[in-house]
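Source: prediction; values computed, not measured. Below, all heavy atoms of this structure are taken into account, side chains as well, without hydrogens, waters or symmetry copies.
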Amino acid sequence: MSDFLHFSEHTLQEVALVFMTCVYVIRIVWFLRFAAGKERQGQTGSGATSPTKGFIYSWANVAMPWAMESTRTKRSLYVQFVLFHLGVTTAIGLSFVIPYAPGLLENRVLVLVLQIVIGLAFLVGVRRFIRRVSDPYMRAISSPDDYFSLVLLTAWFLFAVLAVPNNSAGGEWHLLTYFWLTAFFLVYVPFSKISHYLYYPFTRYYFGRSMGYRGVYPIRRVHKAKTS
Amino acid sequence: MKKSTAEDSRSHKAQVVVDRLGEKLNRQIVGSLVACVHCGLCTDSCHYVLSNPGDPTYAPAYKADRIRKIFKRHYDWTGRVFPWLVGAETIMTDEELEELKDIAFGKCTNCRRCSLNCPMGVDFATVNRMTRGLLVSVGIMPEGVATVSKDQWEIGNQMGVLKEDYLETLEWMEEELQDELDDPSARIPVDKRDCAVVYSINPREAKYDPRTIGDAAKIFHAAGEDWTMPSDGWDMTNFGLFSGDDELGGAVARHLFDRVQELGGKKLVISECGHGYRSTRCEAPNWAKYDVPFEMESSVETMLRYVKEGRIKLDKTRNSEPVTFHDSCNLARSCGMTEEPRELLNLVCTDFREMYPNREENYCCTGGGGAMSMSEYTPRRLKSGKIKAEQLKATGAKVVVTSCHNCVDGLTDVIRHYELDMKVTQLVNLVAEALVIEKPARAPAVAEELPLAGRRIVVADDEPDQLLYLATVMEDYGATVYQAATGDEALELARKEKPDLVTLDLSMPGRPVTEIFELLRSDSELEGLKICLITGRPEMRELIYQRMEIPPDGYLDKPLSEDDLLRGVRKVLELSHQEG
Ligand code: SF4
Ligand code: SF4
């Protein structure tokens with residue numbers, strides 16, 4: 001391994017991680033500086049709903065594609081969402097496995113599984129990009145960040161697939177590209193829409209709590225049951 | 001010389017909007033503004049999108065971005081550092097504010113359907129209401145919004161109904177009611193003090209639909225309710241919900257709440273109105289910073305309670321046309337009231353058919369968010385009603401029932417525009433139609449003394465405190481009471497003592513109360529025995545009502561005040577009717 005690759009796998013990643021953490025902390029502090037709105041009125045709804053049940057339901061929503069009409073009726077988008085986020089998690093994990101536990105990648109089955117998971121995420125990235133540029137509704141709501149973040153992640157997946165075997169016999173370019181993209185990704189994330197997961201627990205908590213307080217969450221699945 | 005900046009050329013109104021946006025931001029709003037990932041999942045949940053294919057300017061995320069870009073430019077530092085990257089943009093001119101008005105008022109009814117379909121928890125409807133409030137604060141709003149807000153500020157109700165007209169309408173409805181029932185004691189009491197119920201209405205009822213007031217009065221009378229209507233502060237609607245003006249919202253609510261307090265009312269009953277219920281019950285205490293010391297309920301809950309307590313009797317065969325139900329967005333998506341109207345509908349009509357989708361997934365009637373008062377957007381509103389019209393038509397119903405006055409108007413317009421063979425009505429009208437009014441009978445001698453004198457009652461409850469309380473109250477009012485701690489004991493006592501009434505707690509240990517109830521009902525020696533259920537778990541009522549061929553004679557919810565208990569028991573024993 002060249003010194004440059006060693007630097008890219010270690011020092012570069014560490015600096016990028018520290019930077020990302022700092023910006024994240026700033027972001028969260030900034031967000032929490034806004035006072036949370038409070039509910040003064042009495043609770044509505046039946047005993048089956050409550051603020052606590054509401055936010056738990058709201059958090060669990062991500063794993064309940066049947067809960068919202070939008071995910072219930074667009075199953076392929078939900079599957080894409082799952083694959084894409086699995087790919088992100090795996091590709092991030094890979095940036096730790098290669099420098100700190102490379103022995104794991106001697107297992108050919110594991111290498112194949114990781115390549116399939118990240119490869120599927122790459123395909124979803126391509127599909128998402130096509131949807132974003134070809135669907136007029138998606139174009140209308142897309143900012144440069146939406147396109148750039150998607151291209152960045154999709155390219156990163158591609159190089160992550162190549163980097164999984166951790167084999168530099170034929171050259172280091174794919175590993176170097178993967179690690180430099182990872183570092184760029186870590187630095188860029190706090191400024192982009194990719195940081196949405198930082199807000200996700202908060203937005204779903206507050207929305208779920210409010211909906212629970214108002215007797216809406218958890219939603220009872222009775223839509224198909226005739227009441228008479 | 002000072003360099004001129006973009007800020008210098010911004011119009012005064014635009015500058016005020018930018019500044020006030022900062023004051024309106026709370027954590028929930030900021031969350032909704034920063035968390036959108038532009039995934040587009042909410043797009044198809046909006047009835048405007050579905051009825052206007054090919055026009056992405058109706059997409060919820062597109063509409064949200066019109067205010068989001070200003071937020072990002074001025075309050076989110078990523079937008080300040082890299083505005084071009086995240087689509088941050090400021091607002092400079094009054095024309096741009098007019099464009100924002102067109103979106104906030106003319107392309108969204110704040111129905112909250114997209115909010116419930118966003119995986120990120122972005123609540124666009126709340127953001128849109130805030131945007132409306134910002135525009136209203138600089139005088140940019142549809143003319144109708146300005147007129148209605150002015151009426152509510154100045155006259156105290158949003159339709160500018162004058163006090164004398166309102167009182168005349170009440171008198172007129174009272175006379176009609178007395179004629180219909182041939183009963184001079186059927187009244188619409190005004191400003192009566194210390195009543196159990198203060199009834200508030202939507203001014204639309206006084207102005208265009210007084211029949212709903214008459215119908216409600218008929219129901220209160222039949223239930224023997226101790227009720228009143230205020231001569232002032234009777235409007236439970238609140239245009240602050242639609243205009244986004246929290247100050248108006250707070251002032252209107254305070255007026256109503258203060259009036260109930262002045263009258264010493266125990267409970268405020270809000271007539272069937274989605275936005276009225278939501279604003280009064282669920283939002284106003286926040287706008288008005290008012291800790292409401294009395295109970296509030298929708299008249300839907302009140303009517304259902306009367307049926308369950310046996311205070312009114314209904315003959316559902318009088319409503320035999322096929323009926324469907326339209327959930328008001330405010331009731332279903334912001335107050336969680338979806339089951340009560342259905343429960344009541346099933347008791348009041350013979351052919352109820354669900355509309356799909358329904359409950360919190362129902363589509364807006366098109367008249368929400370104050371849209372009925374914005375005539376400049378009427379063509380757009382009617383066009384966006386296409387999906388609603390298809391939904392209505394698919395039910396095959398002849399009558400669509402809704403518990404909201406805005407929805408009545410919105411649906412009526414859709415039905416007319418799409419030439420559907422349907423009419424719109426409310427639950428209060430169906431209940432009044434089905435009401436069985438028993439003729440006054442002569443009071444028995446026993447009722448001359450104590451209210452329950454001469455009555456023999458078996459009280460069953462497994463909680464000793466509760467049992468003692470119920471027994472003591474009834475004994476104080478003259479009844480002879482036999483106490484039972486289990487259902488089996490109650491059965492045994494009933495067979496031995498042959499009482500007039502058995503009250504059963506629904507959740508006693510041992511044999512299921514449903515079984516005890518059936519045994520009491522089927523015992524030929526106990527013919528004429530009245531049975532009243534009492535429970536602290538209202539959800540268990542359905543169990544009995546669904547299972548039983550002959551339902552109980554009455555139903556009471558714990559906790560029970562002395563007055564409620566006495567009134568409920570007398571009602572079950574039919575003493576209040578007999579005494580007139
Ligand atoms: S569903 Fe939510 S995150 Fe997706 S575009 Fe709509 S508002 Fe944004
Ligand atoms: S709140 Fe309702 S009308 Fe407004 S954008 Fe969302 S779905 Fe459409």
Side-chain angles (χ1 to χ4, degrees), chain A residues 30-32 34-42 44-49 58 61-62 68-71 73-74 77 81 131 135-146 148 190-193 196 199-200 202-208 210-211 214-216 219-220 222-224 226-228, chain B residues 25-28 30-32 34-35 37-38 40-45 54 56-57 59 61-62 65 77-78 81-82 84-87 115-123 281-286 289 291-292 296 333-337 339 342 346 351-354 356-361 539:
Chain A
W30 168 79
F31 179 68
L32 294 178
F34 293 97
K38 299 222 164 46
E39 311 254 30
R40 209 178 187 120
Q41 78 281 17
T44 48
S46 70
T49 56
S58 181
N61 210 280
V62 66
M68 290 189 304
E69 181 196 77
S70 55
T71 43
T73 55
K74 298 185 192 87
L77 288 182
F81 152 80
R131 178 169 171 254
D135 180 343
Y137 287 92
M138 292 302 290
R139 271 204 310 272
I141 59 172
S142 297
S143 66
D145 176 39
D146 292 310
F148 183 69
F191 301 97
S192 79
K193 68 176 272 190
H196 63 275
Y199 300 116
Y200 175 86
F202 294 101
T203 49
R204 287 236 59 108
Y205 168 78
Y206 286 114
F207 189 67
S210 174
M211 288 291 108
R214 284 146 191 271
V216 181
I219 288 174
R220 287 140 292 185
V222 282
H223 305 277
K224 295 294 165 197
K226 285 254 173 200
T227 50
S228 70
Chain B
L25 296 174
N26 65 22
R27 205 175 293 160
Q28 285 90 335
V30 171
S32 288
V34 292
V37 289
H38 292 145
L41 268 180
C42 57
T43 304
D44 293 348
S45 48
T57 65
Y62 179 87
D65 280 354
W77 49 273
T78 54
V81 181
F82 311 110
W84 46 271
L85 183 70
V86 295
S115 310
L116 255 71
N117 275 295
C118 169
M120 287 299 299
V122 170
D123 186 5
R281 172 72 178 78
C282 302
E283 312 289 354
N286 303 314
K289 301 190 174 39
D291 293 315
V292 181
M296 292 190 266
R333 280 192 280 274
S334 289
C335 300
M337 193 189 291
E339 303 316 303
R342 285 175 169 78
N346 278 314
D351 183 0
F352 167 52
R353 306 161 178 202
E354 274 296 1
Y356 295 100
N358 54 51
R359 295 177 169 86
E360 69 295 322
E361 289 192 353
E539 71 277 14

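- Chain A forms the most heavy-atom pairs under 4.5 Å with one residue out of B/C42, B/P285, B/S45, and that residue is B/P285.
- Only the backbone of B/C118 comes within less than 4.5 Å of a heavy atom of chain A; no side-chain atom from C-beta onward does.
- No side-chain donor-acceptor contact under 3.5 Å links A/T203 to the backbone of B/G31.
- Of the atoms belonging to B/R281, heavy atoms from both backbone and side chain fall under 4.5 Å from chain A.
- Ranked by heavy-atom pairs shorter than 4.5 Å toward chain A, the options B/G40, B/A35, B/C335 are led by B/C335.
- With a 4.5 Å cut-off on non-hydrogen atoms, B/D65 touches chain A through its side chain but not through its backbone.
- Taking every heavy atom of both residues into account, B/V37 and A/K193 meet most closely at O-NZ, 2.8 Å.
- If you measure heavy-atom distances from B/T43 to chain A, the contacts under 4.5 Å come from the side chain alone.
- Both the backbone and the side chain of A/A36 come within less than 4.5 Å of a heavy atom of chain B.
- Between B/W84 and A/P144, the closest heavy-atom pair is O-CG, 3.1 Å.
- Interface remark: of the candidates A/H196, A/R131, A/E69, A/M138, A/E69 forms the most heavy-atom pairs closer than 4.5 Å to chain B.
- Most heavy-atom pairs under 4.5 Å with chain A: of the set B/S334, B/G54, B/S115, this distinction falls to B/S334.
- Top candidate by heavy-atom pairs under 4.5 Å with chain A, chosen from B/A59, B/S32, B/G87, B/A61, is B/A61.
- For B/V292, no part lies under 4.5 angstrom from a heavy atom of chain A.
- Between B/R27 and A/F34, the shortest heavy-atom contact is NE-O, 2.8 Å.
- Looking at A/T44, its side chain never comes within 3.5 Å of a backbone N or O of B/G336 through a donor-acceptor pair.
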- request: Go through A/F207 and B/V122 one step at a time and tell me if the side-chain contact (heavy atoms from CB on, under 4.5 Å) criterion holds.
  value: CA-CA 8 Å; A/F207 189 67; B/V122 170; over 6 Å; no

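- Here the closest non-hydrogen pair linking B/E339 and A/R220 is CG-NH1, 3.6 Å.
- Contact annotation for B/M337: neither backbone nor side-chain heavy atoms come within less than 4.5 Å of a heavy atom of chain A.
- In this structure, CZ on B/F82 lies 10.5 Å from OG on A/S192, to the nearest 0.5 angstrom.
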message: What verdict does the side-chain contact (heavy atoms from CB on, under 4.5 Å) test give for A/M68 and B/L116, after you've listed the backbone C-alpha separation in whole Å, the side-chain angles of each residue and the deciding distance to 0.1 Å?
response: CA-CA 7 Å; A/M68 290 189 304; B/L116 255 71; over 6 Å; no

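- At a 4.5 Å heavy-atom cutoff, the contact between A/F31 and chain B is made by backbone and side-chain atoms alike.
- Each of A/R214, A/Q41, A/R40 was compared with B/E283 under the side-chain contact (heavy atoms from CB on, under 4.5 Å) criterion, and only A/R214 meets it.
- With chain A as partner, the option from B/D44, B/V34, B/V81 having the largest number of non-hydrogen pairs under 4.5 angstrom is B/V34.
- Atom CE of B/M120 sits about 12.0 Å away from atom CZ of A/F202, to the nearest 0.5 Å.
- Chain B forms the most heavy-atom pairs under 4.5 Å with one residue out of A/L32, A/I141, A/D145, A/L77, and that residue is A/I141.
- If you measure heavy-atom distances from B/Y62 to chain A, the contacts under 4.5 Å come from both the backbone and the side chain.
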- request: Quick one: do B/V30 and A/W30 satisfy side-chain contact (heavy atoms from CB on, under 4.5 Å)? Show the steps, please.
  value: CA-CA 10 Å; B/V30 171; A/W30 168 79; 3.9 Å; yes

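- Among B/N286, B/T78, B/L25, the residue making the largest number of heavy-atom pairs under 4.5 Å with chain A is B/N286.
- Minimum interatomic distance between B/V86 and A/F191 (heavy atoms only, all atoms of both residues): CG1-O, 4.1 Å.
- Only the side chain of A/D146 comes within less than 4.5 Å of a heavy atom in chain B; its backbone stays farther off.
- Among A/G208, A/G37, A/G215, the residue with the largest count of heavy-atom pairs under 4.5 Å with chain B is A/G37.
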